[in-house]
Amino acid sequence: METPFRELEGRSAGYVALVAALGALVVAGWIAAHQMDTQGHHITGMSNQVVWGVPHVFAVFLIVAASGALNVASLSSVFGRAAYQPLARLSGLLAIALLVGGLCILVLDLGRPDRLVVAMTHYNFKSIFAWNIFLYTGFLLITLVYLGTLMERRLNRHTKAVGIIAFAWRLVLTSGTGCIFGFLVAREGYDAAILAPLFISISLAQGTAVFLLVLMFAFRFGARELDADLVARLRRLLAIFVMSVLYFVLVQHVTNLYAPEHRGIERFLLLEGGVYPATFWLGQIAVGSLVPLVLLGHPRLVEHRGSVAAAAMLVVIGGFAQLYVLIVGAQAYPLSLFPGMEIVASSFFDGVVAEYRPRIPELALGVGGLALSALLVVLGLKVLRFLPDPQPAWDGPGRPR
């Protein structure tokens, strides 16, 4: 049964107010980036010790969530789950929007966005950053082609082949993002091969959570009924992905605790680091993992849409907390220049925990990139037919009624 699609009307006062609010946040982010570009990064909380701050947390979150947001389309075209087919278009749109928002934050946080031309014309293939230029642009191109095969009837026969390429590409992309940190041997909080599969699991959890929120908001905003069976499927998927993240986090920290050279950073991140252990245990583990699992699995809560939406939102909050601890906390820990040796005197902050407090320009840039992704989705839903109408009911797995 072919599913009809339509766009949002976008004529209500609420829609106009939403676009205006998102546009204002985007402009605020651009102003913040301009101030950082003209005045320098001294107006932020970043320093020579913490060079990747809150903007990178937002950027990495959006990039890994972009990969995971395409998971719904992959389930449809690659794994043959027909129940997800009506939502494949929205999945592709969300993946593109999230990646564009994340890349805009990265480019504007460099301090000299014009230097991106150098990165695109001179390649050092010993650097994982050079490889990511190809991974990110390739993902955008493949996803655009994928959307074309979904939306153009004459190209539908190519959807499965392009979907397989997109599925493989996004796994490599997310692994490459994890390897940015995993290849940095100088930082004890990074330097771990497990960061590649960890980032894949993070992308699946965060992408599914963001997709659920966007899906429920779009259907509520458009006054359409969302199929309960489909929500139940996505709820179970989200629970599985959250548990996979917990597993890889457990393996990561247990492995580091076993290695004597990493016990210092583990004590810092888990017990003695002030804001970082609090963010880890309360933000990532409690709020971002355990509470959502209860909301997603409790027999009395699984039938309520509100509990599913709350769980998805908490998973997103936990994702930000996890990336904050991983990215910022690992930089705040003192750099070990001479492992096993005691430094007698130094004026270069050796052995000193770096202080970092994010300031308004950083927060404005991060929120601006997030708003840009949301704005692209909102405008895309109005311009093109991404939402199914009506949402079909299902008798069973893959059998339309």
Side-chain angles (χ1 to χ4, degrees), residues 24-63 100-120 122 124 127-130 132-133 177 180-181 183-190 265 268-269 272-279 283 320-337 343 345-373:
L25 292 175
V26 172
V27 172
W30 179 84
I31 294 174
H34 178 69
Q35 293 297 317
M36 293 165 61
D37 185 23
T38 56
Q39 299 185 33
H41 276 54
H42 70 89
I43 66 173
T44 71
M46 292 180 280
S47 63
N48 290 338
Q49 289 74 46
V50 180
V51 297
W52 293 339
V54 161
H56 271 72
V57 174
F58 275 89
V60 174
F61 174 86
L62 290 172
I63 290 171
V100 169
L103 293 181
C104 285
I105 296 175
L106 283 182
V107 171
L108 294 176
D109 187 47
L110 294 176
R112 286 287 303 275
D114 56 297
R115 302 293 289 174
L116 181 64
V117 177
V118 177
M120 297 177 65
H122 297 78
N124 173 21
S127 169
I128 189 64
F129 290 99
N132 280 330
I133 291 290
T177 305
I180 291 176
F181 305 99
F183 287 178
L184 290 178
V185 297
R187 292 288 184 180
E188 297 178 27
Y190 305 147
I265 183 66
F268 177 76
L269 294 179
E272 303 171 357
V275 66
Y276 303 108
T279 305
F320 276 106
Q322 181 176 14
L323 292 174
Y324 186 86
V325 173
L326 178 64
I327 296 175
V328 179
Q331 296 175 86
Y333 186 73
L335 197 63
S336 180
L337 298 178
I343 298 177
S346 173
S347 60
F348 296 97
F349 302 100
D350 296 331
V352 177
V353 175
E355 292 187 5
Y356 174 74
R357 294 183 180 88
R359 298 181 182 174
I360 292 179
E362 300 172 80
L363 295 172
L365 177 56
V367 173
L370 191 64
L372 176 60
S373 297

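In this chain, residues are counted from 1 in sequence order.
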Let me confirm one number: the [atom1]-[atom2] distance from [X] to [Y], rounded to the nearest 0.5 Å.
{"X": "L326", "Y": "T279", "atom1": "CG", "atom2": "OG1", "value": "12.5 Å"}
{"X": "F61", "Y": "I105", "atom1": "CZ", "atom2": "CD1", "value": "10.5 Å"}
{"X": "T38", "Y": "I43", "atom1": "OG1", "atom2": "CD1", "value": "7.0 Å"}

Check [X] against [Y] and note the closest heavy-atom contact, atom names and distance.
{"X": "V54", "Y": "P358", "result": "CG2-CB, 3.4 Å"}
{"X": "A330", "Y": "G189", "result": "CB-CA, 3.8 Å"}
{"X": "A364", "Y": "A32", "result": "CB-CB, 3.7 Å"}
{"X": "A321", "Y": "G283", "result": "CB-C, 3.8 Å"}
{"X": "V50", "Y": "A354", "result": "CG2-CB, 4.0 Å"}

Worksheet item: Should we say atom CD of E355 is surrounded by more than 12 heavy atoms from elsewhere, each under 6.0 Å from it?
Response: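 No, the 6.0 Å shell around CD holds no more than 12 heavy atoms from other groups.
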Worksheet item: When you look at CD1 of I133, are more than 12 heavy atoms from neighbouring residues, nucleotides or ligands closer to it than 6.0 Å?
Response: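 Check passes, neighbour count above 12.
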Worksheet item: Is any side-chain heavy atom of W52 closer than 4.5 Å to a side-chain heavy atom of I180?
Response: yes
Worksheet item: Below 4.5 Å, heavy atoms only, C-beta onward: do L365 and T44 meet side chain to side chain?
Response: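 In short, these two side chains do not touch, never coming nearer than 4.5 Å.
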With sequence neighbours excluded, residues passing side chain to side chain contact (heavy atoms under 4.5 Å, CB included) with [X]:
{"X": "L370", "answer": "F58, L62"}
{"X": "I265", "answer": "E188, H262, F268, L269, Y333"}
{"X": "A371", "answer": "L22, L25, V26"}

Practice prompt. Apply the test side chain to side chain contact (heavy atoms under 4.5 Å, CB included) to residues D109 and M46: give CA-CA distance (whole Å), side-chain angles for both, the deciding distance (0.1 Å), then the verdict.
Written response: CA-CA 11 Å; D109 187 47; M46 292 180 280; 3.7 Å; yes
Worksheet item: Under the salt bridge (charged side-chain N to carboxylate O under 4.0 Å, His left out) test, which residues partner R359, sequence neighbours left out?
Response: none
Worksheet item: How would you list, by chain and number, every residue that makes a side chain to side chain donor-acceptor pair (under 3.5 Å) with Q39, sequence neighbours excluded?
Response: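 Checked Q39 against side chain to side chain donor-acceptor pair (under 3.5 Å); matches are Q35.
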Item to complete: Applying side chain to side chain donor-acceptor pair (under 3.5 Å), name anything that partners Y356, two or more places apart in sequence or on another chain.
Response: E362
Practice prompt. Check whether any side-chain N or O of Y190 sits under 3.5 Å from a backbone N or O of I327 as a donor-acceptor pair, and report yes or no.
Written response: yes
Worksheet item: Donor-acceptor pair, H56 side chain versus V328 backbone, under 3.5 Å?
Response: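 Checking the backbone N and O of V328 against the side chain of H56, no donor-acceptor pair under 3.5 Å is found.
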